[in-house]
Amino acid sequence: MTPNAATFDQWIRGPFRDINSELEALYFAQPNRANVAGVGDALKQVLLAEGREHIAALLAEGNTDEGFDANFDLLGNVGFYMAACRRHELTEPSRETRSPLTEASALAMQLGASLGTVPRFASAHLETHNRAVNGVFKSFTDLEDEITFIAYNTRGAFGYIRAAEALLHLLPLGISHPVAADLLRQAKASLEDVHRYNGELFEALDVERFFYCVRPYYKPHRVGLREYRGANAGDFAGINVIDLLLGLCRADDPYYSQILVDKFLFMRPDDQLVLRDCMRRRSLLDAFLDEQGSSESPWYRHNLQLFLEVCEAHGRTALQHHEQLVEKFIVKPADEGDLVEDKGLTASGPPLPVLLKALKTLCDLRAGAERDDIPSRYRELATLRSLLAGGHD
Ligand code: HEM
């Protein structure tokens, strides 16, 4: 890290966080907590000017060859600054045709394009690759609810990643391998961890704080000419690796592959490679269907039972995300604040009802729900269940 990059990092971890925290306190004290206009204008200008000064120095030194990790981290810091400017409405994509943050856009595009990612902060910057200094990781504010949200998103992501790794290890072994059972058990336990973490987050997080003071940093914003959607907790390969390897979602389903195509550049390049590879693999569900001739064999019955339990654990966690987290922390407060049609409500931009429909589809695919308007695998899952029910243990 160059001295300029280190100074910028200290600014992001210090004064930047303090200014955002002060602004959040001002917004939150208003009768209309969603209002940003005309509040804390002097503070906003300090944030804008100080950030620009750091970024102009980095741009002038040509910060291009510091290695992947340093450059990815710097992209995160520029991205934090741009996202905060959007949150405080110093920029607003619908009123501009290009980002007014000229220097920040230039540095973000140089970094993002050379790294092979979008030129904005992504969830890896907040979660799986957010280095703590003296026990404190980076965040926009010092609000306890933001720290809780990021920490639990990180735990959830790692839980999914552990489950994905177990399934990836299973691929070369095949479903009849004696160690396949160990790996399926590990995948199930890791998904149960995610479920437990999500349950804790559901209890710990304050709805109003999350809705009014945390979520707004994840809005879409422009970098250069183009608008980029916000980061969400799902921008890592693990969850899709599980979808694909279990066989609950399919890479040849245009609905699902569109999600993957849109998501690739929001992930780190190493993660992109893992997901690309999974898109061409045969799923475990298909492997169990292909080998149903062995349905009387002890290995088949044992491993199929475990496989179905992994599918159920994945579906349960997806339902929990949709019916508990999204419902309590987005849908209800949006309803109560009369903000359902608000364009800036979601990380990806579409109005909430449209986003909810898309999230529900994903959730139903993962849960193998009985739906014929989407390629849910409920029929195949029922066939596999009937093989177990019909045989002898
Ligand atoms: C996406 C809400 C926590 C995993 C989303 C989206 C919303 C949302 C609204 C859609 C983003 C958009 O396109 O605008 C929430 C809320 C949470 C929460 C309110 C807690 C307060 C988590 C956690 C995880 C997670 C802890 C686990 C790692 C995902 C995934 C996606 C996603 C994987 C991408 C869509 C998908 O593949 O299902 N979330 N989320 N979320 N979230 Fe969460």
Side-chain angles (χ1 to χ4, degrees), residues 122-124 126-128 145-164 190-221 228-244 248-249 255-264 266-267 271 275 314-334 339-340 342-367:
S123 43
L126 273 177
E127 296 163 16
T128 52
D145 287 287
E146 190 194 350
I147 313 293
T148 301
F149 179 68
I150 296 174
Y152 272 99
N153 276 202
T154 309
R155 292 190 177 102
F158 281 128
Y160 276 126
I161 290 167
R162 287 197 299 280
S190 303
L191 290 170
E192 286 170 350
D193 286 344
V194 178
H195 195 270
R196 182 165 46 81
Y197 297 138
N198 285 354
E200 289 173 14
L201 177 62
F202 182 79
E203 295 301 332
L205 195 65
D206 182 82
V207 176
E208 299 268 298
R209 278 292 184 190
F210 171 75
F211 190 78
Y212 289 106
C213 306
V214 178
R215 179 197 50 82
Y217 289 92
Y218 305 128
K219 290 180 179 187
H221 64 70
Y228 291 88
R229 75 154 167 89
N232 70 51
D235 288 337
F236 63 98
I239 183 145
N240 307 103
V241 168
I242 301 168
D243 293 341
L244 290 166
L248 297 169
C249 303
Y255 175 79
Y256 188 74
S257 55
Q258 183 71 59
I259 293 174
L260 301 189
V261 167
D262 293 346
K263 175 168 166 171
F264 266 108
F266 282 77
M267 299 187 296
D271 234 17
L275 187 52
H314 193 45
R316 228 181 353 261
T317 310
L319 280 168
Q320 177 191 41
H321 180 266
H322 194 66
E323 291 174 358
Q324 294 189 17
L325 296 177
V326 175
E327 184 63 30
K328 176 174 177 182
F329 296 105
I330 307 267
V331 178
K332 266 190 88 189
L339 295 167
V340 172
D342 187 8
K343 261 206 80 202
L345 199 61
T346 62
S348 50
L352 189 57
V354 177
L355 175 74
L356 288 177
K357 193 165 173 263
L359 285 177
K360 174 77 176 134
T361 298
L362 258 180
C363 175
D364 282 350
L365 287 172
R366 288 179 180 139

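The basis for the numbers below is simple: all heavy atoms, side chains too, and nothing from hydrogens, waters or symmetry mates. Counting starts at 1 for both ligands and their atoms, in listed order.
Around atom 22 (C) of ligand 1, the closest heavy atom drawn from Q324, E127, H321 belongs to H321. The closest heavy-atom contact to atom 26 (C) of ligand 1, among the options N153, T317, I330, T148, comes from N153.
Contact annotation: for I259 versus ligand 1, there are no heavy atoms closer than 4.0 Å. Proximity of L355 to ligand 1, defined as any heavy-atom pair under 4.0 Å, is confined to the side chain (atoms from C-beta onward). When non-hydrogen atoms are compared, ligand 1 lies under 4.0 Å from neither the backbone nor the side chain of D235. Under 4.0 Å from ligand 1, not a single heavy atom of K328 appears.
Taking every non-hydrogen atom of L205 and a distance limit under 4.0 Å, the qualifying atoms of ligand 1 come out as 21 (C). Residue contact check: N198 has heavy atoms under 4.0 Å from atoms 26 (C) of ligand 1. The contact set between ligand 1 and L362, taken as ligand atoms under 4.0 Å from a residue heavy atom, comprises 35 (C), 36 (C), 37 (O), 38 (O). Close contacts of ligand 1 with F329, meaning ligand atoms under 4.0 Å from a residue heavy atom, involve 19 (C), 21 (C). The I239 neighbourhood of ligand 1 comprises atoms 33 (C), with distances under 4.0 Å to a heavy atom of that residue. Ligand 1 places these atoms under 4.0 Å from at least one heavy atom of A157: 28 (C). With ligand atoms numbered from 1 in the order given, ligand 1 contributes 20 (C) to contacts under 4.0 Å with heavy atoms of L201.
Taking the six-membered ring for Trp and thresholds of 30 and 60 degrees, F149 and Y218 have ring planes inclined between 30 and 60 degrees apart.
Side chain of S123 to backbone of N232: a donor-acceptor contact under 3.5 angstrom is found. E146 places no side-chain N or O within donor-acceptor distance of the main-chain N or O of V214, the cut-off being under 3.5 Å. Not one N or O on the side chain of K332 forms a donor-acceptor pair closer than 3.5 Å with the backbone of V207.
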Requested in this report: Please lay out, stage by stage, how K360 and H322 fare under the test side chain to side chain contact (heavy atoms under 4.5 Å, CB included).
Outcome: CA-CA 7 Å; K360 174 77 176 134; H322 194 66; 3.7 Å; yes

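At least one heavy atom of R366 sits less than 4.0 Å from an atom of ligand 1. At least one heavy atom of F149 sits under 4.0 Å from some atom of ligand 1.
Scanning all heavy atoms of the two residues, the minimum distance from I330 to F210 falls at CD1-CE2, 4.0 Å. Of all non-hydrogen atoms in R366 and L248, the two that sit nearest each other are O-CD1, 3.2 Å. When all heavy atoms of P333 and K328 are compared, the closest pair comes out as CD-O, 3.1 Å. Between D145 and A204 the shortest heavy-atom distance is OD1-O, 4.0 Å.
With respect to the salt-bridge test (charged N to carboxylate O, under 4.0 angstrom), the residues R229 and D235 qualify.
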